Amino acid sequence: MSATTLTITRPDDWHLHLRDGALLRAVLPDSARRFGRAMVMPNLDPPVRTTAEAIAYRERILATSGAAGFTPLMTLYLTEQTTPEELARARASGVVFAVGEAFLAGATTHSAYGVRDFLNCTPALATMEELGLPLLLHAEVTDPAVDIFDREAVFIERQARPIVERFPRLKVVIEHITTREAVAFVAGCGPAVAATITAHHLLLNRNAMFAGGLRPHAYCLPVLKGEGHRQVLLAAATCGDPKFFLGTDSAPHPRRAKESACGCAGIYTAHAAIELYAEVFDAAGALDRLEAFASFHGADFYGLPRNAGTITLVRDAWRVPASLPVGDDAVVPLRAGGMVGWRLADG
Ligand code: DOR
């Protein structure tokens, strides 16, 4: 397609880490410029485990400069102590839309409060199924005996499949999928199961972590996979199947925490999120499918109205800043110092 501009219904980000305090203030405007809504992940430290905490966090987000016109959809962090009463409060609040990103303990950033086995949470999952509260899964096992590149595929068999079989009406989102096994699982389930796909997993394969040396800013979880998996993800994102939709997993960390002997997992993409997806869909010859993936499929899955406004993208390259200052540190964004092929028309 040779179009140099593309106007689409304002998209939503169905998987976003906004953090808190100075980091929240630094990153929120990037998401709010592009997206109408975002599913805001609860892995603060300590995590957002109650409705009262979710309401307070939502107020901090809405009080942040640059939040005008942006709607944060709040989530609750699942622990083995999460009660049916707390879930009922969450559902009734009108501001909590899902439970998750749910982790197995130790899976990633601030996941120490996570569960040991999802089947230890049977009463909570049964309540969520009854209430219509979706479960958002970080689909990686933490078993150190399992190779890191296989942890998603093993999670699908050990955890996701038993959950879906036991709770067939529970809405489940396999978040930030990275493998052909996850794509096949989601495509083979009924309409209650869907998946988000990040821009970085569509753009990069695992070579990016080792390009000329060790690249901490290309390290995320689930870890980048091989090129064959990336090709399958690309086909899933661009094929028009409503089970697959946009979730950036934009996950800012201070530079010092990334460039370390034990660097944190997470890639910051909110500064160019929809532009990066536009690049991906453009390169795949599927720009005409971007709007459904970015603006329709997620809202439809959650039973929420599609956004009313639009955004316009222009095929016009711009240089990404080397870093985004945060206090005496900085966040290093994806493509830092490099070019992105699409820009927002008003930016
Ligand atoms: O890379 C990641 N970073 N993956 C996650 O699941 C969590 C996230 C974070 O919060 O930093």
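Computed from a predicted model, the values in this text were never measured in an experiment. As the structure lists them, so they are numbered: ligands from 1, and atoms in each ligand from 1. We're numbering straight along the sequence, starting at 1. Computed over heavy atoms, backbone and side chain alike; hydrogens, waters and symmetry mates excluded.
Counting atoms of ligand 1 from 1 in the listed order, those under 4.0 Å from a heavy atom of Asn43 are 9 (C), 10 (O). Using a 4.0 Å cut-off to heavy atoms of Glu101, the atoms of ligand 1 that qualify are 6 (O). Within ligand 1, counting atoms from 1 as listed, the ones closer than 4.0 Å to a heavy atom of Ala251 are 3 (N), 8 (C), 9 (C), 11 (O). Close contacts of ligand 1 with His17, meaning ligand atoms under 4.0 Å from a residue heavy atom, involve 7 (C), 8 (C), 10 (O). Close contacts of ligand 1 with Cys220, meaning ligand atoms under 4.0 Å from a residue heavy atom, involve 1 (O). Proximity to His176 (heavy-atom distance under 4.0 Å) selects the following atoms of ligand 1: 6 (O).
Figure legend: cation-pi geometry between Arg306 and Phe296, with NZ or CZ positioned under 6.0 Å from the six-membered ring centre and within 45° of its axis. Geometrically, Lys171 engages Phe301 in a cation-pi contact, judged by NZ or CZ lying under 6.0 Å from the ring centre and within 45° of the ring axis. Cation-pi contact between Arg206 and Phe149: present, with separation from the ring centre below 6.0 Å and deviation from the ring axis of at most 45°.
For ligand 1, one of its N or O atoms has an N or O atom of Arg19 under 3.5 Å away. Between Gly266 and ligand 1, at least one N/O pair is under 3.5 Å apart.
The only member of Thr248, Val340, Leu276, Val320 that meets side chain to side chain contact (heavy atoms under 4.5 Å, CB included) when paired with Leu334 is Leu276. Tested against Ile267, the residues His201, His200, His253 include a single side chain to side chain contact (heavy atoms under 4.5 Å, CB included) partner, His200.
The proximity of His15 to ligand 1, defined as any non-hydrogen pair under 4.0 Å, does not occur for either the backbone or the side chain. At a 4.0 Å heavy-atom cut-off, ligand 1 touches His253 through the side chain alone. Residue Glu175 does not touch ligand 1, judged by heavy-atom distances below 4.0 Å. Residue-level proximity to ligand 1 for Ile267 is absent, since no heavy atom of it falls below 4.0 angstrom.
For His138 and Glu175, the side-chain atoms include no donor-acceptor pair closer than 3.5 Å.
Taking Tyr277 as the reference, nothing meets the side-chain hydrogen bond (donor to acceptor under 3.5 Å, both in side chains) condition, with sequence neighbours excluded.
Ion pair Glu279/Arg335 flagged as a salt bridge, since at least one NZ, NE, NH1 or NH2 atom sits closer than 4.0 Å to an Asp/Glu carboxylate oxygen.
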